[in-house]
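Data block below; observations after.
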Amino acid sequence: MSIEVCNESGVPVDESLVASVARFSLDAMHVNPAAELSILVVTEEVMSELHERWMDEPGPTDVLSFPMDELVEESRRPDAPETGPALLGDIVLCPDFAKAQARKAGHSLADEMHLLTVHGVLHLLGYDHAEPEQEREMFGLQAKLLSDWQTARRQAAAQAARHRSDSAVLGTAGLEDP
């Protein structure tokens, strides 16, 4: 899976973790591993322009998703070849706007950016929250994906710590491979 993250916001964002949560979510949703995703992190000014242009709403927002039209079944000709690996679309994140949401939710900006990334991925995959039932489904899936990713990260960190500890013990005993 190819995921490109470009931070043009001026706000420090751990791009590798944003890509990691996106990759985890796409894998969990069984998206073709050869698919491509672009994530752009922008200023409030840029987000305001995008929000007004594409959603016809004033001011900035936290996340926008732009799915590629050729992935939508209804937009394809009946005789078109099966869609294979393709560009899923673009996710645009605005950390300056998300800061207040993070404070209100009682977590870090990084946590909010991860949540918004999962939210954006789900929108690219066709999920929406316009109706109460859709909202329950999307937000429930969003919470599960985020929780599962956090658990996987903690387990990987614990395993890496065990490996470092084991290597140190083996090295001290002269048993570690050169």
Side-chain angles (χ1 to χ4, degrees), residues 1-44 47 61-67 85-127 129 135-178:
M1 185 140 334
S2 173
I3 299 175
E4 181 180 329
V5 180
C6 181
N7 186 355
E8 298 177 354
S9 71
V11 176
V13 172
D14 188 330
E15 295 172 20
S16 65
L17 288 179
V18 168
S20 172
V21 72
R23 180 172 287 108
F24 182 92
S25 298
L26 292 168
D27 286 345
M29 299 300 293
H30 308 290
V31 172
N32 187 316
E36 298 177 16
L37 170 65
S38 173
I39 301 173
L40 184 60
V41 185
V42 300
T43 63
E44 283 187 318
M47 185 59 98
T61 189
D62 51 4
V63 59
L64 289 172
S65 295
F66 299 97
L87 180 62
L88 292 173
D90 302 312
I91 296 172
V92 183
L93 303 169
C94 184
D96 281 330
F97 188 86
K99 284 178 185 176
Q101 292 176 171
R103 277 192 300 274
K104 185 176 179 182
H107 56 235
S108 69
L109 175 59
D111 288 338
E112 186 71 13
M113 296 298 288
H114 303 152
L115 180 146
L116 294 173
T117 300
V118 173
H119 190 86
V121 164
L122 290 175
H123 273 306
L124 288 180
L125 298 178
Y127 288 85
H129 48 86
E135 182 176 335
R136 279 190 300 279
E137 178 185 19
M138 183 176 178
F139 284 42
L141 183 54
Q142 175 180 292
K144 179 171 178 16
L145 289 169
L146 195 55
S147 174
D148 289 352
W149 175 72
Q150 291 165 336
T151 298
R153 281 192 61 224
R154 282 191 299 273
Q155 289 172 343
Q159 183 177 357
R162 283 191 302 275
H163 178 72
R164 284 190 305 275
S165 176
D166 292 348
S167 293
V169 169
L170 291 172
T172 301
L175 299 173
E176 189 173 270
D177 291 330

Side-chain contact, heavy-atom cut-off 4.5 Å: [X] with [Y]?
X      : Y      : answer
Leu26  : Leu88  : yes
His114 : Asp111 : yes
Glu36  : Glu4   : no
Pro95  : Val41  : yes
His163 : Gln159 : no
Glu8   : Thr43  : no
Leu122 : Leu145 : yes
Met29  : Val121 : no

Spatial distance of atom [atom1] ([X]) from atom [atom2] ([Y]) [nearest 0.5 Å]:
X      : Y      : atom1 : atom2 : value
Leu116 : Glu112 : CG    : CD    : 4.5 Å
Trp149 : Ser25  : CH2   : OG    : 9.0 Å
Cys94  : Met113 : SG    : CE    : 8.0 Å
Glu15  : Asn7   : CD    : CG    : 5.5 Å

Minimum heavy-atom distance [X]-[Y], with the two atoms named:
X      : Y      : answer
Glu44  : Asp96  : CG-CB, 3.6 Å
Leu124 : Ser65  : CD2-CB, 3.9 Å
Thr117 : Ala22  : CG2-CB, 3.8 Å
Gly89  : Leu37  : O-CD1, 3.5 Å
Val5   : Ala19  : CG2-CB, 4.0 Å
His119 : Phe139 : CE1-CE1, 3.8 Å

Residue among Arg136, His123, Glu135, Gln142 satisfying side-chain hydrogen bond (donor to acceptor under 3.5 Å, both in side chains) with His129: His123
Show your reasoning for whether side chain to side chain contact (heavy atoms under 4.5 Å, CB included) applies to Val18 and Leu93. CA-CA 10 Å; Val18 168; Leu93 303 169; 4.3 Å; yes
Carefully, step by step, assess Glu137 and Leu141 under the rule side chain to side chain contact (heavy atoms under 4.5 Å, CB included). CA-CA 6 Å; Glu137 178 185 19; Leu141 183 54; 5.6 Å; no
Applying salt bridge (Lys or Arg N to Asp or Glu O under 4.0 Å), can you list everything that pairs with Asp90, at least two apart in sequence or on another chain? none
Are Gln101 and Leu115 close enough, and set up right, to give a side chain to side chain contact (heavy atoms under 4.5 Å, CB included), and what steps lead you there? CA-CA 11 Å; Gln101 292 176 171; Leu115 180 146; over 6 Å; no
Just do the side-chain hydrogen bond (donor to acceptor under 3.5 Å, both in side chains) check on Arg154 and Thr151 with the steps written out, would you? CA-CA 5 Å; Arg154 282 191 299 273; Thr151 298; 3.2 Å; yes
